[in-house]
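Everything on this sheet refers to the single structure shown next.
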Amino acid sequence: MATLATNMCSFLSTHTIKGVERLENKLQSRSYTAVPSPKASSSRRHALVSTGTSLVTVTLLSPFLAWAEEKETAQKEEDKGFIDAVKSLFDPNEKTKSGKVLPKAYLKSAREVVKTLRDSLNEDPNDITKFRRTADAAKESIREYLSNWKGQKAVVEEESYVELERAIRSLASFYSRAGPSAPLPEEVKSEILLDLSTAEEFL
């Protein structure tokens with residue numbers, strides 16, 4: 001009997017120990033599954049921090065990058081404008097409003113005639129001082145224009161040249177008949193102003 005009891009105790013003890021070991025193994029297995037290792041947790045934290053840092057960096061730098069790009073574009077446009085200005089400075093020709101390319105010197109002289117002659121015609125003749133000043137400026141610009149460009153092949157067939165010649169001729173024709181001090185009739189003045197406006201469209 002004693003031997004049987006001893007064997008039973010030994011059997012139960014052995015099976016109990018094995019059962020406990022199996023239970024511990026299961027618990028450890030679940031523990032590994034539920035709780036990540038410190039190394040894995042560290043890697044995940046590093047990935048999250050890196051992603052967050054990248055998002056913050058992009059958010060903060062986006063306005064600066066956009067500003068830098070705009071500034072670079074503006075700088076390129078400014079450089080292009082400067083280069084074009086330098087080229088224009090050494091280019092003896094200029095494109096007119098109508099798209100033709102004519103000598104700069106001619107365009108400058110013709111525009112001056114249009115401006116000064118128009119100012120003179122629109123000036124009040126009762127204001128003697130201002131009237132004489134504008135008239136003298138018109139005479140000077142006409143004299144310079146005719147001395148440099150009268151009959152020049154480069155411009156003689158241009159619309160602006162033809163219109164200016166008509167305006168100057170009408171003015172000279174009137175004063176040669178009526179005298180230098182005669183008041184300019186409104187009809188003649190209107191015709192000359194119309195010629196000047198037409199000439200200006202081609203300058």
Main chain of [Y], side chain of [X]: is a donor-acceptor contact present, judged purely on distance under 3.5 Å?
| X | Y | answer |
| --- | --- | --- |
| Ser109 | Ala105 | no |
| Thr134 | Lys130 | yes |
| Tyr106 | Tyr161 | yes |
| Ser147 | Glu144 | yes |
| Lys189 | Leu121 | yes |

Between [X] and [Y], what is the shortest heavy-atom contact and its length?
| X | Y | value |
| --- | --- | --- |
| Val113 | Tyr145 | CG2-CB, 3.6 Å |
| Phe131 | Ser120 | CE1-O, 4.0 Å |
| Trp149 | Val155 | CE3-CG2, 4.0 Å |
| Pro103 | Asn93 | CA-OD1, 3.6 Å |
| Leu203 | Ala110 | CD2-CB, 3.7 Å |

Can you check whether [X] reaches [Y] side chain to side chain, under 4.5 Å on heavy atoms?
| X | Y | answer |
| --- | --- | --- |
| Ile142 | Thr116 | no |
| Leu117 | Ser141 | no |
| Glu123 | Asp119 | no |
| Leu196 | Leu164 | yes |
| Glu112 | Lys108 | no |
| Phe174 | Leu184 | yes |
| Leu102 | Glu158 | yes |
| Leu193 | Asn122 | yes |

Output the distance between atom [atom1] ([X]) and atom [atom2] ([Y]), rounded to the nearest 0.5 Å.
| X | Y | atom1 | atom2 | result |
| --- | --- | --- | --- | --- |
| Gln152 | Leu146 | CD | CG | 11.5 Å |
| Ser160 | Glu201 | OG | CD | 11.0 Å |
| Thr198 | Glu163 | OG1 | CD | 4.5 Å |
| Ile168 | Arg143 | CD1 | CZ | 12.5 Å |

Using a strict 4.0 Å threshold on nitrogen-to-oxygen distance, state whether [X] and [Y] make a salt bridge.
| X | Y | result |
| --- | --- | --- |
| Glu165 | Arg169 | yes |
| Asp136 | Arg132 | no |
| Glu200 | Arg111 | no |

### Query
Hey, quick one: are Val188 and Val114 part of the same hydrophobic cluster, counting side-chain heavy atoms closer than 4.5 Å, chains of contacts allowed?
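Yes.
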#### Entry: Same cluster (ILVMFWY, side-chain, under 4.5 Å), Leu171 and Leu194
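Result: no, two separate clusters.
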### Query
Will you find, in the side chains of Ser173 and Arg177, an N or O donor that is under 3.5 Å from an N or O acceptor?
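There is such a pair between these side chains.
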